[in-house]
Amino acid sequence: MSWDIGSVRPVSLAELGQSYRRYRLADAAAETAMAGSLRRWGQLSPLVACQRGQQLEVLDGFKRWSAARQVAGLTTLSVRVLAVDERLAKAAILSLNHGQRAARELEEAWIVQALVRDDGLTQVETAHLLGQHKSWVCRRLALLEKLSAAVKEDMRLGLVGPTLARQLTRLPAGNQEAVLALTRRQTLTAQEVSGVIDLLEGASDEQMAFVLAQPREALARARGLPTALRDPRLSSAGNWLAKHLTQALEALTRVESWLRTPNERALLARDREILQPLLARVGDEAGLVAELVLGPQLERARLS
């Protein structure tokens with residue numbers, strides 16, 4: 001649907017309702033910047049609203065409305081009024097703000113939950129209305145319905161990103177906060193968090209306690225790799241290199257395991273032909289790194 005239809009007219013700030021603001025994250029810094037823009041340039045684009053009874057409710061332009069209240073003498077804003085029902089109003093909120101905010105996945109989840117739980121749409125109908133796949137709807141619904149209240153609050157505050165939140169939905173709500181605390185305490189990478197959650201799924205109490213106490217050692221034992229802990233014998237640079245070499249080794253080990261799985265190794269002849277230059281580059285880069293670390297003579301001695 002095109003959202004640039006509907007009449008545009010000046011509306012008093014006091015006449016604009018904010019009930020749909022519950023689906024948006026607040027951004028005080030952006031509102032302050034918007035107030036400066038309004039003082040300097042005036043309003044560059046109209047707000048979008050819909051009629052609900054005797055009240056106009058804002059769908060797009062919450063920052064402009066809040067910023068306008070900070071500008072002396074500004075009492076009205078230009079508003080485009082759409083004739084939409086409740087479901088289309090929610091779709092408009094997402095569509096009109098597409099791609100504008102890094103944390104918008106939580107806002108999308110709020111809209112999806114409202115359409116499914118409040119408006120009675122199925123997940124398939126919601127996906128069709130929003131122009132998305134059903135799996136997109138499922139993932140956003142899970143962000144709200146499978147996350148603990150504390151994790152959702154951290155996500156709302158921007159302390160937890162959508163990628164980590166999606167990983168945490170794989171765990172019971174009671175374990176999510178423990179893994180989140182572990183992630184922060186140990187500064188785990190996204191890949192390590194995924195591995196930790198893999199280990200926790202179906203683990204006994206004793207196994208769970210070990211994973212939560214020593215996550216990197218648990219991952220190393222599970223994968224048959226050396227533990228990626230800080231080595232007191234190494235300098236800061238040496239530990240940095242050891243960490244990244246271990247990560248590269250983990251990646252290659254996963255590839256090897258994938259290739260050894262009968263149902264997954266059905267590479268075609270043209271696959272090998274296309275991949276050959278990439279494989280050669282991987283080998284060349286590994287040799288170059290070894291030479292840079294060990295020196296040309298030591299590397300040649302190692303190979304011989």
Side-chain angles (χ1 to χ4, degrees), residues 1-35 37-38 42-123 125-132 136-137 140-141 143-145 152-153 155-158:
M1 177 175 177
S2 173
W3 306 112
D4 59 357
I5 59 175
S7 60
V8 177
R9 66 176 189 263
V11 179
S12 167
L13 296 180
E15 297 177 13
L16 293 169
Q18 303 287 300
S19 65
Y20 290 107
R21 191 163 195 159
R22 65 187 183 275
Y23 301 122
R24 302 299 308 280
L25 289 164
D27 190 340
E31 290 173 6
T32 300
M34 180 63 72
S37 175
L38 287 173
Q43 185 181 358
L44 300 178
S45 59
L47 279 67
V48 178
C50 64
Q51 192 77 41
R52 288 292 176 266
Q54 301 301 313
Q55 178 82 57
L56 277 180
E57 293 289 345
V58 176
L59 299 175
D60 176 54
F62 298 104
K63 287 195 297 290
R64 278 166 284 173
W65 181 87
S66 296
R69 300 174 68 196
Q70 304 174 33
V71 179
L74 185 54
T75 59
T76 65
L77 286 171
S78 176
V79 179
R80 183 186 304 279
V81 181
L82 299 180
V84 291
D85 61 16
E86 191 64 18
R87 297 171 178 179
L88 281 176
K90 295 183 179 73
I93 293 172
L94 290 189
S95 182
L96 290 166
N97 292 278
H98 180 68
Q100 293 183 6
R101 188 196 295 262
R104 69 178 267 108
E105 193 159 342
L106 181 58
E107 298 173 336
E108 293 168 345
W110 284 332
I111 294 289
V112 167
Q113 186 183 55
L115 288 169
V116 174
R117 304 307 179 203
D118 299 339
D119 298 330
L121 293 182
T122 67
Q123 293 187 30
E125 290 169 336
T126 300
H128 179 72
L129 175 65
L130 300 178
Q132 301 290 347
W136 182 94
V137 170
R140 276 140 188 84
L141 204 55
L143 281 180
L144 294 180
E145 302 191 344
K152 282 189 286 189
E153 178 62 13
M155 190 179 178
R156 187 185 68 80
L157 295 173

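Just so you know, these numbers come straight off a predicted model, no measurement behind them. Side chains are part of it too, since the values below use all heavy atoms of this structure and drop only hydrogens, waters and symmetry mates.
Across all non-hydrogen atoms, the minimal contact from L47 to G61 is CD2-O, 3.6 Å. Here the shortest heavy-atom pairing between V71 and A35 reads CG2-O, 3.8 Å. When every heavy atom of C50 is checked against every heavy atom of V84, the shortest pair comes out as CB-CG2, 3.8 Å. Scanning all heavy atoms of the two residues, the minimum distance from E125 to G120 falls at OE1-O, 4.4 Å. Taking each heavy atom of R80 and I5 in turn, the nearest pair found is CD-O, 3.0 Å. Closest heavy-atom contact between V8 and P46: CG1-CB, 4.2 Å.
Atom CD1 of residue I93 and atom CD of residue E108 lie 12.5 Å apart, to the nearest 0.5 angstrom. For the atom pair CD (E15) and CG (L13), the distance works out to 9.5 Å, reported to the nearest 0.5 Å. Atom CD in E57 sits 7.5 Å away from atom CD in Q18 (nearest 0.5 Å). Rounded to the nearest 0.5 angstrom, I111 CD1 and S95 OG are separated by 11.5 Å. Remark: L129 CG to L88 CG distance equals 6.0 Å, nearest 0.5 Å. Within the model, atoms CZ of F62 and CG of N97 stand 8.5 Å from one another, a figure rounded to the nearest 0.5 Å.
Between the side chain of E153 and the backbone N or O of M155, no donor-acceptor pair lies under 3.5 Å. Distance alone, capped at 3.5 Å, is enough to place a donor-acceptor pair between the Q43 side chain and the S78 backbone. Using a distance-only test at 3.5 Å, with no hydrogens or angles considered, no donor-acceptor pair links the side chain of D119 to the main chain of L121.
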Practice task
With salt bridge (charged side-chain N to carboxylate O under 4.0 Å, His left out) as the test, would you mind laying out the steps for E145 and R117 before giving the verdict?
Solution key: CA-CA 11 Å; E145 302 191 344; R117 304 307 179 203; 2.7 Å; yes
Practice task
Check step by step if side-chain contact (heavy atoms from CB on, under 4.5 Å) holds for K63 and S37.
Solution key: CA-CA 11 Å; K63 287 195 297 290; S37 175; over 6 Å; no
Problem - Audit row: W110, L25, side-chain contact (heavy atoms from CB on, under 4.5 Å) steps and yes/no - result: CA-CA 10 Å; W110 284 332; L25 289 164; 3.6 Å; yes
Exercise for the section: Take V11 and L77 through the side-chain contact (heavy atoms from CB on, under 4.5 Å) test and state the conclusion after the steps. Expected result: CA-CA 6 Å; V11 179; L77 286 171; over 6 Å; no
Practice task
Evaluate the criterion side-chain contact (heavy atoms from CB on, under 4.5 Å) for residue pair L144 and L106; output intermediate values, then yes/no.
Solution key: CA-CA 8 Å; L144 294 180; L106 181 58; 3.8 Å; yes
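Atom CZ of R52 sits in a crowded spot, with more than 12 heavy atoms from other residues, nucleotides or ligands closer than 6.0 Å.
In summary, of the residues considered (R156, R140, R24), a side-chain contact (heavy atoms from CB on, under 4.5 Å) with E107 occurs for R24 alone.
The shortest distance between side-chain heavy atoms of L143 and V112 does not fall below 4.5 Å. Inter-residue side-chain proximity for M34 and Q70 is flagged as unmet; no heavy-atom pair is nearer than 4.5 Å.
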